[in-house]
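Step one of this worksheet: look at the structure below.
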Amino acid sequence: MNSVRRPSAYFLALALLAAAWAPVLQAQAAKFEGLPVRTIQFSPAEQPLEAEELHQILPLQMNESLHMSTVRASIERLFATGRYLDIQVDAQPYRDGVAIVFVTKAAWFIGDVSAVGDISSPPNSGQLENASGLNLGQPYTEAAMAQADAGQRRLLESNGLFRSTVRPIFDWESTRAVQQVNIRFEVDYGERAIFGVPLLTGDLKIDAARIVHATKFRRWIIHTRKPMTQTRVRQALEGVRRLYQKENRLEAKVSLESMRYDEASNRAIPTLHIDAGPRIEVRTIGADVSKDRLRRYIPIFEEHAVDRDLLVEGARNLRDFFQSDGYFDAEVAFKEQAVQNDKATIDYLINTGKRHRLVHIEIQGNQYFTTESLRERMYLRTATFLQFPRGRYSESLIRQDKDAITSLYQSNGFRDVEVTDREEDDYGGKIGDLGVSLTIREGPQYFVHALDVQGIERLDREDILGRLSSAPGQPFSEFNVAVDRDTILAEYFERGFPNATFEWSFRPAGEPNRMDLSFVVHEGSRQFVRQVLISGNRITRTQLINRNITLNPGDPLSPTQMTEIQRRLYSLGVFARVDAAIQNPAGETDTKYVLYNVDEARRYSLAVGFGAELGRIGGCQACLESPGGATGFSPRVSLDVSRGNLWGLAHGLSLRTRFSQLNQRALLNYTWPRFQGNENFTVSLTALYEASRDIRTFNYRRQEAAVQLNQRFTKATTLFYRFAYRRVAVSDIKVTPLLLPQLSQPVRVGIASLNLVQDRRDDPIEPHKGVYNTLDIGLADRFFGSQPSFVRFLARNATYHPLGPRLVLARSLEFGNLLAFRTSLDPFDAIPLAEHFFGGGGTSLRAFPQNQAGPRDTSTGFPLGGTTLLFSQVELRFPLIGENIGGVIYHDAGNIYSNLSDLSLRFHQRDLQDFDYMVHNVGFGVRYRTPVGPLRVDLGYTLNPPRYFGFNGSQQDLFNAGVTPCAPTNGTPNLCEQRRVSHFSFFFSIGQTF
Amino acid sequence: LNTVSRVRCILLFCALGAIHAEIIDRIAVSVGNRVITTSELDREIRVTAFLNRVPPDFSPAARRATVDRMVEQKLIRHEMENSRYPVPDAAEIEPLLVQLRKDRGGDAAYLQALSAAGITEQDLREALLWQRTFLMFLDVRFRAGIQVTAQSIQDYFDRVVAPAARAARPGANVDVDDYREQIERTLAGGLVDQETTKWLDDARRRTEIVYHPEVFE
């Protein structure tokens with residue numbers, strides 16, 4: 001034992017001796033003052049800064065005299081880079097001067113932070129990582145780790161995980177060269193605690209059992225205790241608050257005082273502190289207001305507090321409500337009564353005044369802006385049928401409109417503009433009508449006389465000046481200056497000047513209403529990219545990520561570019577989170593590491609969906625009834641499985657299946673985005689099996705394999721190159737028996753096609769302006785292994801024209817043709833039935849039910865489709881009620897035609913075997929705006945629906961009836977019945993028609 | 001280890017010490033990405049002692065107290081740089097230096113005193129300029145926003161000034177207007193102090209300040 005302790009004691013003594021010498025040595029430092037510096041070395045030799053940068057920033061230089069002030073400045077400068085934790089300067093005599101050694105200790109920065117292990121949400125790994133508060137690129141310190149531990153512990157315990165353990169594992173080696181430490185938290189959640197019986201403290205005023213019940217800490221019916229989670233605790237507090245609110249105790253305060261953990265039973269026992277407060281009754285005097293409305297407008301219900309501010313806000317909300325309902329003179333006050341017998345009353349005294357209609361808005365005094373352009377910016381609206389039956393008016397709205405007009409004028413140089421309002425009751429002598437007059441006193445317009453810009457030295461001054469709004473001769477306004485400031489600073493930030501600042505001042509020029517402007521730019525230091533570092537990718541290949549990194553070492557450090565890279569990484573579709581940061585952001589260095597930390601998304605996803613179709617899709621499948629379809633209902637189930645990020649290259653494989661009475665479908669799809677490293681190319685391979693009865697004339701089975709290359713030319717324009725090979729077999733064909741042998745043969749089709757899509761709509765879900773064009777050209781030929789040879793052409797042009805605020809004229813024209821070749825037959829007969837155009841329905845031509853347009857079998861009346869298609873649709877979309885409900889009136893016209901030569905714009909059907917005419921449908925619809933697109937209801941009337949013969953008999957009867965059973969000369973016309981597609985149509989779906 | 005070995009060990013250490021490089025400066029405290037070095041701390045102690053005409057105190061407690069004051073300086077300097085606060089002209093301290101030379105008995109004695117204190121005139125200039133800068137910072141940052149109300153002047157007068165004045169001059173008429181400016185200055189000064197302390201506390205919390213304990217042992 002002694003042999004160990006005694007040497008230690010000596011070394012301790014030596015160390016103490018050394019420490020005692022330190023001041024002595026320090027005092028001796030002065031002896032080096034003024035000596036020439038002969039060498040400068042760094043220990044360790046491997047330094048965080050490159051040698052060139054060190055030489056550049058270090059005030060201490062070789063062969064210059066040593067001064068303590070320079071040594072001090074050198075330490076300060078090195079430390080300011082943020083890349084050092086500690087610096088010490090040693091000196092010793094060397095030749096005729098002094099040798100200097102900087103002894104440094106490097107700083108560390110936070111890299112990838114992950115949580116792994118036995119994690120059963122909540123909290124999930126992402127929450128644990130966030131709770132650590134360890135942010136990418138920030139300095140790593142002991143204090144930060146202590147905070148991380150505390151934050152994670154808090155999160156775990158708030159979720160009942162009192163037995164959990166978290167162990168940080170530091171990876172100092174992988175990214176040592178860039179001073180980055182990756183931290184992996186190994187987590188073991190242990191057993192989650194269950195709720196114990198809550199303890200209640202405070203002034204309850206409600207039976208404790210009811211409160212405990214309201215916490216819902218026990219399961220329904222089986223009454224076992226639930227495991228503790230943060231969400232359940234929050235819900236419990238909300239449940240108790242709701243209980244008190246039901247009792248009109250609006251001021252009730254319910255809080256979680258503590259959560260005691262009983263280790264032995266693994267139970268978490270919450271203590272709730274409750275201050276019930278008095279019962280508060282809110283009454284309205286002078287007008288009836290429903291309870292729901294009171295809760296919506298008076299914030300005391302939501303805030304669980306009663307104070308003057310909230311009551312005033314409630315009065316204001318009620319007044320605005322009444323004013324927006326036409327009671328423009330409405331006044332609302334409130335009166336609080338003191339608590340008596342545990343009860344307080346709040347009376348809202350409402351004086352609605354008489355009801356008005358805003359019928360006239362006049363704007364006068366405006367010369368610079370037209371009345372129309374001012375009206376566009378105003379909330380006030382005169383009364384209109386349905387949308388604003390009383391007009392839109394309230395004191396707050398008129399104040400907002402005055403502010404908007406004032407701001408508009410001021411931003412155009414009218415610094416002295418004044419806007420006043422005047423209301424005229426019983427406008428035009430009509431009682432209840434209101435007119436509002438806004439008078440604008442524009443005042444003089446101020447202009448920039450001269451602009452002096454200083455400080456732009458390292459960027460293209462002329463280029464920046466050319467983009468400024470506050471040029472000489474232009475209107476002078478703070479708004480324009482703010483725009484200029486943003487322009488200048490954005491340019492600087494973009495070019496790597498993160499500390500650039502902008503100051504401005506102005507003074508009156510010699511001429512009246514002219515100002516001399518002065519801009520001063522402080523450029524600050526410029527920063528460049530030292531290196532881009534990626535972390536967090538475990539499966540995704542680094543080369544895939546690198547392809548999307550457009551910042552290179554030496555480039556200016558551009559935040560815009562960093563965000564663009566982040567966007568590109570997200571768009572790979574394989575990352576759930578992409579964090580971007582600059583390492584050591586506060587460090588004063590010219591070059592910075594740019595960091596991207598990615599969190600890979602789950603690779604498997606499963607989606608199950610249920611739905612149903614309701615429409616004229618029903619009727620017997622095997623018999624000849626209802627060629628026009630009967631009302632039917634078809635439930636639908638879908639199951640999609642997908643595997644993302646295959647091979648770490650962001651390739652995807654998915655299987656999408658759908659099963660319903662009408663359609664069974666399975667689609668296997670392999671996607672290769674960014675084909676050959678080009679982000680504009682995507683290749684997909686698909687295999688499809690489909691069995692469908694959605695066309696009533698026949699059932700079909702389709703097996704198809706396809707390869708497709710998408711090429712995106714611009715954001716709006718994409719071209720699809722596609723080759724598909726399919727085999728289609730039809731069955732249960734309900735046509736004249738003569739055609740059965742021909743039509744029931746399975747057909748193989750190999751078709752190569754080009755599809756161009758140009759989408760310049762402002763909003764694909766609910767467009768207001770723009771153009772949408774598609775062009776699809778396909779060639780099926782024996783060269784591609786196809787049995788029939790034909791060309792398929794389908795083009796669509798849709799345009800959207802805004803006619804006023806929320807008033808849109810939308811139109812669409814679609815034309816298609818199938819042209820057969822290498823055959824003597826006409827296209828209608830030469831092209832297989834399943835390849836015909838079929839149309840009709842809510843998303844194509846509303847004159848017909850689903851797939852009912854065009855030629856029909858003359859014996860059975862079932863649709864046969866055609867080889868030519870012409871659809872025209874025109875809609876006027878307008879606001880109807882409030883902001884969310886709109887209306888549509890529409891006209892659809894068109895049809896499916898037998899052949900191109902049969903295309904006709906004729907209105908009348910010639911006879912029961914003529915289907916080649918144009919069918920017209922007019923109607924109206926209602927749209928309700930939802931986040932996923934407008935909910936659509938259309939009701940239409942077809943002006944000239946086709947009439948046709950249907951066959952009232954079985955397949956055998958039809959066979960026995962001969963070739964043309966419904967011809968007048970035939971012996972069985974009694975089985976033929978004249979029918980007609982219904983005049984009325986009704987469609988319900990989500991999304992606009994086109 | 002026997003005695004001979006012990007002696008050898010100590011001699012070896014002494015020899016190593018004699019030829020080993022000497023630490024001429026190092027970080028004492030870091031304040032964000034700024035530092036206070038041991039030489040800076042040493043200079044501050046010497047300059048303060050020179051101005052106060054006391055011997056410099058290099059005890060650990062005195063060093064710690066001085067460095068705390070220097071941390072505040074760093075925080076203020078950082079704020080001034082970030083917010084582009086105005087700084088005084090270096091020429092403003094010339095009259096002070098002239099006075100100092102005179103107080104020290106002329107140029108020769110003054111230079112001798114500087115040398116004896118181990119500081120240069122530049123060190124002194126920087127210290128004096130900092131004092132001016134600090135006062136200017138207080139004025140711009142805090143004093144401008146401080147309002148002393150008439151009521152608070154009256155309260156202070158009733159509570160503090162009037163009793164003291166009456167005690168000093170019994171029977172004399174004591175009017176608040178005679179003391180208004182003085183009271184206003186006192187109260188404003190107190191409020192500035194409060195605001196400064198609060199701001200410094202906040203700044204300390206916001207900034208990572210690391211003391212290197214070995215420097216203060």
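Every chain is numbered from 1 and lettered A, B, ... according to where its sequence line falls, protein lines coming before strand lines. Only heavy atoms go into these numbers, but all of them, side chains included; no hydrogens, no water, no symmetry mates.
Only the backbone of Leu85(A) comes within contact range of chain B, with heavy atoms under 4.5 Å apart. Only the side chain of Glu208(B) comes within contact range of chain A, with at least one heavy atom under 4.5 Å from a heavy atom of that chain.
Arg26(B) pairs in a side-chain contact (heavy atoms from CB on, under 4.5 Å) with only one of the listed residues (Val103(A), Val89(A), Asp86(A), Asp90(A)), which is Asp86(A). Applying side chain to side chain donor-acceptor pair (under 3.5 Å) to Tyr492(A) and the options His522(A), Glu523(A), Arg458(A) leaves one that passes, Glu523(A).
When Glu76(A), Arg77(A), Glu503(A) are compared by the number of non-hydrogen pairs under 4.5 Å with chain B, Glu76(A) comes out ahead. Highest contact tally toward chain B, considering only Thr501(A), Thr141(A), Thr81(A), Ile75(A), is held by Ile75(A) [criterion: heavy-atom pairs under 4.5 Å].
Looking at every heavy atom in both residues, Val71(B) comes nearest to Ile36(B) through N-CD1, 3.7 Å.
Ring orientation note: the planes of Phe102(A) and Phe42(A) are close to parallel, at an angle under 30° on the 30°/60° scale.
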